[in-house]
Amino acid sequence: MPVHNSEIADKFDRLADLLEIENANPFRVRAYHNAARTVRGYPRSMSDLLDDGVDLTELPDIGDDLAKKIQSMVETGKLPLLDEVEARTPPALSELMKVEGLGPKRVRALHLELHIETLDDLKKAAESGKIHEIAGFGDKSEEKIKQRVEKFSGEEKRTKLIEAEDIAKPLLEYLKKAEGLKDIVIAGSYRRRKETVGDLDILVTAKKGADIMEHFTGYDEVDEVVSKGVTRSTVYLRSGMQVDLRLVPQASYGAALHYFTGSKAHNIAVRKMGVKKGYKINEYGVFKGDERIAGKTEKSVYDKVGLPYIEPELRENRGELEAAKKHKLPKLITLDDIRGNLHAHTKASDGHHTLKEMAEAAAGLGYEYLAITEHSQSLAFAGGLDKKGLLAHIKKIDKLNEQLDGIVLLKSSEVDILEDGALDYPDELLKELDFTVCAVHQKFDLPRKKQTERIRRAMDNPYFNILAHPSGRLINERDPYETDLEKILEAAKDNDCFVELNAQPQRLDLTDEGCMMAKALGVKISIATDAHSTSDLEHMRCGVDQARRGWLEAKDVINCLPLNKLLRLFKR
DNA sequence: GCCGTTTTCGGCCCGACTGTTTTCAGTCG
């Protein structure tokens with residue numbers, strides 16, 4: 001069982017937390033966190049990189065020492081230094097640091113003074129009123145800890161982007177009513193269109209004297225006001241979502257927007273570039289000495305460090321700064337580039353609308369084509385069509401196409417990939433289709449090698465065209481099944497197959513990193529909604545967001561092609 | 001512990017808010 005990047009990253013983060021509690025050199029602590037971020041976000045597994053003989057010190061923030069530690073973890077699953085540290089500092093202390101308001105210093109104090117090691121210890125200590133006796137803690141701290149421990153669930157919950165939108169939109173409408181408000185924008189990972197967001201960062205500018213903060217904390221969805229200041233306030237909404245509101249002068253709007261959009265790694269890298277040029281960059285602007293020389297727009301900030309504007313979706317320090325320096329940034333795909341949708345269901349399997357209704361909805365979005373991809377015969381529980389049923393459906397589509405104007409329905413099927421890699425219909429039936437969308441829907445728990453081989457074998461079939469939702473994950477609900485994505489993409493490349501970026505907001509499968517890997521390997525992508533209703537068709541925008549995070553351009557995406565060119569791609 | 005068209009040693013992003021303090025440490029983003 002190969003070690004996942006996330007496991008390596010978690011170990012580095014835990015080690016960093018414990019070292020911080022032990023009062024280690026803060027820069028050493030940061031080095032471990034930085035390495036964790038690099039490893040967690042890396043599109044290829046450390047294990048595969050080592051197999052290929054890649055020198056890990058080439059990766060950002062990985063030096064000789066950490067490269068060795070990663071190698072040790074890949075080979076043995078162990079990080080000896082972590083074991084060593086955990087032997088003298090209780091491992092659960094790093095959990096305590098996740099409680100809001102508790103950092104390394106206070107966790108250390110709680111441990112030294114009251115021998116608190118676990119959440120349970122902390123809860124008891126708070127209830128028995130021992131905490132306020134420690135130097136640096138008072139009655140308020142004790143009370144807050146008591147409340148926070150009560151609410152603490154242990155896991156940091158990130159909210160799916162589309163759910164965050166549902167929370168953000170009414171709040172934004174409410175905030176816009178504030179007296180004296182000028183600009184308002186949601187920054188942070190929401191603006192970078194990350195698939196999940198941890199909190200909402202809202203940036204505003206306003207007329208002098210306007211009481212925006214009062215208005216904000218008075219929102220009727222506010223559950224708790226964490227802090228409230230002149231330029232910054234933090235609240236929790238009833239939904240559990242944390243919202244930060246920041247107020248900056250208009251002259252600083254661009255610098256603040258850049259700062260609060262992040263990512264942190266991108267910001268730090270840009271700041272470092274500023275320092276090299278003798279500037280200081282913060283949320284108020286770019287400064288040369290005391291003089292503000294830029295900051296009204298984001299572009300002005302990039303300008304000062306000698307870079308072109310970088311789209312928010314790219315700001316992850318995953319090579320965008322290097323690309324920008326060389327003027328090689330991708331021209332990111334937009335929703336307008338999309339000409340059709342290659343994955344949709346109707347009432348014939350598990351969809352909610354008829355062929356005609358789906359066709360008209362797709363035409364209404366300005367599409368040239370919509371592919372009808374009912375489930376195949378093995379997927380009985382999702383209304384999969386048997387051979388006869390599919391043939392009849394094909395005829396229905398032919399007939400409807402004669403009546404339709406401006407849009408063409410493509411005859412396809414979401415064909416199951418069986419456990420042995422065979423497709424769920426015989427070839428003589430598959431050849432009646434314009435193309436196929438093939439997918440794994442059962443036997444999610446095969447070992448990595450077998451699962452990978454299953455999909456690769458399926459691609460050997462000349463009627464295999466697009467691999468749908470390649471990992472099967474459901475965000476926050478179901479883990480991806482174990483595969484070697486790189487090997488699958490290589491097989492797709494070799495067999496002239498394509499890979500889907502499923503735009504369902506709970507799937508978004510490929511990931512952004514998967515898109516980057518596909519692009520690097522020369523595999524083109526279908527961004528498709530897997531629509532089960534007419535309204536689902538509008539989830540295309542979610543897929544496009546994810547594609548943009550994955551550096552994709554219109555030329556990388558097959559459903560940006562006109563119909564005649566698209567169909568040529570499916571002849572293998 | 002990482003990193004280097006000034007450096008292989010000496011830097012490492014920085015400002016706001018809170019609470020516990022009498023001038024600032026701790027935490028957060």
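This is a predicted model, so every value here is computed, not measured. Chain A is the first sequence line, chain B the second, and so forth, proteins listed ahead of strands; every chain is numbered from 1.
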**Request:** Return the nearest nucleotide to the side chain of Lys105(A); candidates are dC14(B), dT27(B), dA16(B).
**Result:** dT27(B)
Categorize [X] for me: base, sugar-phosphate, or nothing, with a 4.0 angstrom heavy-atom threshold over every strand shown.
X	value
Tyr32(A)	sugar-phosphate
Asn34(A)	nothing
Ile281(A)	nothing
Pro26(A)	nothing
Lys69(A)	sugar-phosphate
Arg232(A)	base
Val29(A)	nothing

Side chain to side chain, [X] and [Y], heavy atoms closer than 4.5 Å:
X	Y	answer
Val270(A)	His266(A)	yes
Ile281(A)	Tyr259(A)	no
Pro312(A)	Arg193(A)	no

**Message:** Output the rounded distance in Å from CZ (Phe12(A)) to P (dC2(B)).
**Reply:** 9 Å
**Prompt:** Once you round it to whole Å, what is the distance between P of dT20(B) and CG of Leu102(A)?
**Reply:** 13 Å
If only side-chain N and O atoms of [X] are considered, is one of them under 4.0 Å from the OP1 or OP2 phosphate oxygen of [N]?
X	N	result
Lys144(A)	dG19(B)	yes
Asn282(A)	dC14(B)	no
Lys280(A)	dG15(B)	yes
Ser141(A)	dT20(B)	yes
Thr234(A)	dC28(B)	no
Tyr284(A)	dA16(B)	yes
Gln242(A)	dC28(B)	no
Arg28(A)	dG1(B)	yes

Looking only at atom [atom1], what distance separates [N] and [M], rounded to whole Å?
N	M	atom1	answer
dC17(B)	dC12(B)	P	25 Å
dC3(B)	dT7(B)	C1'	10 Å
dA16(B)	dG10(B)	C1'	29 Å
dT20(B)	dG26(B)	P	14 Å
dC2(B)	dC13(B)	C1'	16 Å
dG11(B)	dT6(B)	C1'	13 Å

**Message:** Closer than 4.0 angstrom, basic N to acidic O: yes or no for Lys160(A) and Glu477(A)?
**Reply:** yes
**Message:** Check this for me, if you would: do Glu513(A) and Arg318(A) make a salt bridge, where the nitrogen-to-carboxylate-oxygen distance has to be below 4.0 angstrom?
**Reply:** yes
**Request:** Name the orientation class of the two ring planes belonging to His215(A) and Tyr174(A) (parallel below 30°, tilted from 30 to 60°, perpendicular beyond 60°).
**Result:** parallel
**Fill in**
When both distances are under 3.5 Å in a Watson-Crick or G-U wobble arrangement, the nucleotide paired with dA16(B) is dT27(B)
**Message:** Using a distance-only criterion (donor-acceptor N/O pair, under 3.5 Å, no hydrogens), is the base of dG29(B) paired with the side chain of Asp201(A)?
**Reply:** no
**Prompt:** Between the side-chain atoms of Tyr259(A) and the base atoms of dG29(B), is any donor-acceptor pair under 3.5 Å?
**Reply:** yes
